[in-house]
Amino acid sequence: MNRDSMSTGYTREFEDESGARWEAFGAPAVVAHGRPGAVLAFRPAGGAEDDLLRSTVTFNSFDAADLAIRPMSEKELRRRLALTRMAAGGV
């Protein structure tokens with residue numbers, strides 16, 4: 001488990017379809033009803049905070065994000081990363 005200012009919970013490492021290492025974690029976000037929560041976020045493994053890609057998947061808390069990310073299959077993580085990258089403009 002890695003912790004830094006962008007991730008206050010569980011960080012999951014996985015490989016994308018090209019073999020590049022990525023991290024998935026819950027990043028701080030304002031969610032439903034303007035409350036603080038988390039969003040599923042990605043960055044290259046060991047990447048800087050400015051390499052962050054935020055998905056549209058939100059969680060009401062970091063605990064909820066951790067609960068969802070821990071058992072997520074690598075196939076699903078790769079799919080979510082691909083969707084997030086497409087929404088961010090390619091790559």
Side-chain angles (χ1 to χ4, degrees):
M1 181 186 310
N2 302 321
R3 293 179 189 264
D4 58 33
S5 62
M6 283 308 301
S7 172
T8 59
Y10 178 73
T11 299
R12 170 97 180 267
E13 241 185 76
F14 69 100
E15 287 186 3
D16 69 10
E17 56 282 335
S18 69
R21 301 291 302 165
W22 285 84
E23 296 175 345
F25 57 95
V30 175
V31 296
H33 309 290
R35 295 185 178 170
V39 63
L40 176 62
F42 302 95
R43 71 173 159 223
E49 289 182 17
D50 56 345
D51 293 335
L52 183 73
L53 292 173
R54 292 172 175 267
S55 76
T56 57
V57 179
T58 60
F59 306 99
N60 291 332
S61 68
F62 283 98
D63 288 341
D66 292 352
L67 187 65
I69 294 168
R70 282 180 192 274
M72 199 176 286
S73 71
E74 288 206 10
K75 181 178 180 179
E76 182 64 11
L77 285 167
R78 287 190 294 271
R79 186 180 80 80
R80 295 285 180 177
L81 173 61
L83 291 170
T84 301
R85 292 171 84 182
M86 284 188 333
V91 186

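Note that this is a predicted model, so its numbers are computed, not measured.
Taking both residues in full, the closest heavy atoms of Arg54 and Pro28 are given as NH1-O, 2.8 Å, listed atom of the first, atom of the second, then distance. The two residues Phe14 and Arg78 make their nearest non-hydrogen contact at CE1-N, 4.0 Å. In this structure, Ala24 and Leu40 approach most closely via the heavy-atom pair CB-CD1, 4.4 Å. Of all heavy-atom pairs spanning Ala64 and Ser61, the tightest one is N-OG, 3.0 Å. Residues Ser55 and Thr84 share a closest heavy-atom pair of CB-OG1, 3.1 Å. Of all the heavy atoms in Val31 and Ala38, the pair that sits closest is CG1-O, 3.8 Å.
A distance of 12.5 Å separates CD in Glu17 from NZ in Lys75, rounded to the nearest 0.5 Å. Note that the CZ atom of Arg79 and the CG atom of Leu77 stand 10.5 Å from one another [nearest 0.5 Å]. From Leu53, atom CG reaches atom CE of Met86 across 13.0 Å, with rounding to the nearest 0.5 Å.
Note on Tyr10: it clusters hydrophobically with Phe59, by side-chain heavy-atom contacts below 4.5 Å among ILVMFWY residues.
At least one side-chain heavy atom of Leu52 sits under 4.5 Å from a side-chain heavy atom of Phe25.
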Trace of the side-chain hydrogen bond (donor to acceptor under 3.5 Å, both in side chains) decision for Ser18 with Asp16: CA-CA 5 Å; Ser18 69; Asp16 69 10; 2.8 Å; yes

Could you walk me through whether Trp22 and Leu81 pass the side chain to side chain contact (heavy atoms under 4.5 Å, CB included) check? CA-CA 9 Å; Trp22 285 84; Leu81 173 61; 3.7 Å; yes

Begin from the C-alpha positions of Arg21 and Glu15 and carry the test salt bridge (Lys or Arg N to Asp or Glu O under 4.0 Å) through to its verdict. CA-CA 5 Å; Arg21 301 291 302 165; Glu15 287 186 3; 3.5 Å; yes

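Using a cut-off of 4.0 Å between Lys/Arg side-chain N and Asp/Glu carboxylate O, Arg12 and Glu23 are scored as not salt-bridged.
More than 12 heavy atoms of other shown residues, nucleotides or ligands fall within 6.0 angstrom of atom CG in Asp51.
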